[in-house]
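Each chain gets a letter, A, B and so on, in the order the sequences are listed, and its residues count up from 1.
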2 protein chains.
Amino acid sequence: MSPRKFFHPDVSELTLHRILFALSDPTRLAVVSDLMKDGERASGDLLAESVPRSTMTHHLKILREAGVTRTRPEGMRCLISLRREDVDARFPGLLDAIMAHGGAEA
Amino acid sequence: MSPRKFFHPDVSELTLHRILFALSDPTRLAVVSDLMKDGERASGDLLAESVPRSTMTHHLKILREAGVTRTRPEGMRCLISLRREDVDARFPGLLDAIMAHGGAEA
DNA sequence: TACGATGTACGACGAAAATCGTACATAAAC
DNA sequence: GTTTATGTACGATTTTCGTCGTACATCGTA
């Protein structure tokens with residue numbers, strides 16, 4: 001009964017083009033926007049985007065492996081949060097600039 | 001002998017995910033980095049990236065159609081420049097944040 | 001243990017992207 | 001007009017991505 005574990009890249013492994021790619025999809029951009037407003041959220045609650053479960057898993061994996069988000073198992077759910085400090089440390093101002101508009105557009 | 005013309009999207013048509021996608025490729029990121037340092041440059045001079053001509057044309061087209069760059073024919077050459085004011089107008093601080101690191105990494 | 005809830009893994013499919021060679025177009029110089 | 005330099009257009013191929021159904025794993029609870 002190993003608690004589910006997720007791969008998270010080290011801060012030193014974050015690359016700009018990977019992060020930009022992770023954010024170049026409307027659905028993923030909406031997710032990050034939600035996380036920026038509400039902090040940590042359960043992945044199930046993110047499904048408001050009217051996207052099938054497996055599709056959302058796919059997008060969350062891309063965000064996580066790019067180092068943008070962190071996934072933390074909590075009971076049967078998964079809590080997703082932004083790796084704000086880490087991204088800011090490598091690319092200061094990037095998230096702020098990207099999310100300044102509110103994430104409304106896609 | 002119509003002077004070659006290139007499609008450039010209007011400022012109001014710029015979308016965040018398109019711009020981020022355009023910048024999510026190492027080669028294109030390097031091009032933008034060059035433009036940021038040296039201002040306007042001939043497309044031929046950008047081929048220092050050791051990329052075939054037709055491939056570079058492809059990348060420049062994506063940057064241009066995303067609204068990141070402007071292409072201006074000058075004699076037989078093409079001068080490429082950043083649409084800095086336009087991108088800044090829609091997404092303030094975005095280019096600065098992306099290029100703060102110098103574009104060294106890919 | 002069995003059940004229901006949540007989420008992942010895997011696979012398949014179609015759409016889009018990256019690469020690059022070749023042919024064509026444009027512009028300047030001869 | 002011909003030649004040369006520069007760059008685009010098109011097509012072919014390979015790779016990657018986005019989507020989503022289905023099967024499996026995990027967790028809490030009865």
- prompt: Rounded to whole angstrom units, what separation is found between the CE atom of B:Met56 and the C1' atom of C:dT19?
  reply: 13 Å
task: Take atom CZ of B:Arg53 and atom C1' of C:dA23, then tell me their distance rounded to the nearest Å.
output: 14 Å
task: Return each pair, listed once, that meets side-chain hydrogen bond (donor to acceptor under 3.5 Å, both in side chains) where at least one residue sits in residues 58-75 of chain B; pairs must be two or more places apart or across chains.
output: B:Arg28-B:His59, B:Glu40-B:Arg72, B:Arg72-B:Glu74
statement: Each nucleotide of nucleotides 10-17 of chain C classed B (base within 4.0 Å of a protein heavy atom), S (only sugar-phosphate) or -, in 5' to 3' order, makes -------S
message: Less than 4.0 angstrom between a side-chain N/O of B:Thr55 and OP1 or OP2 of C:dA18, yes or no?
response: no
message: Within this structure, what is the CD1-CG distance for the pair A:Ile19 and A:Leu95, rounded to the nearest 0.5 Å?
response: 7.5 Å
query: With respect to the phosphate group of D:dT19, does any side-chain polar atom (N or O) of A:His59 fall under 4.0 Å of OP1 or OP2?
result: yes
- prompt: Tell me: CG of B:Asp25 to P of D:dC17, nearest whole Å?
  reply: 12 Å
message: Counting only side-chain heavy atoms from C-beta out, which of C:dA28, D:dC20, D:dT8 sits nearest to B:Met76?
response: C:dA28
message: I want to check one thing: is the phosphate of C:dT6, taken as OP1 and OP2, less than 4.0 Å away from some side-chain N or O of A:Arg77?
response: no
- prompt: Over how many whole Å does the gap from B:Lys61 atom NZ to D:dC10 atom P extend?
  reply: 8 Å
Within residues 40-47 of chain B, residues whose heavy atoms come under 4.0 Å of DNA chain D: B:Ser43, B:Gly44
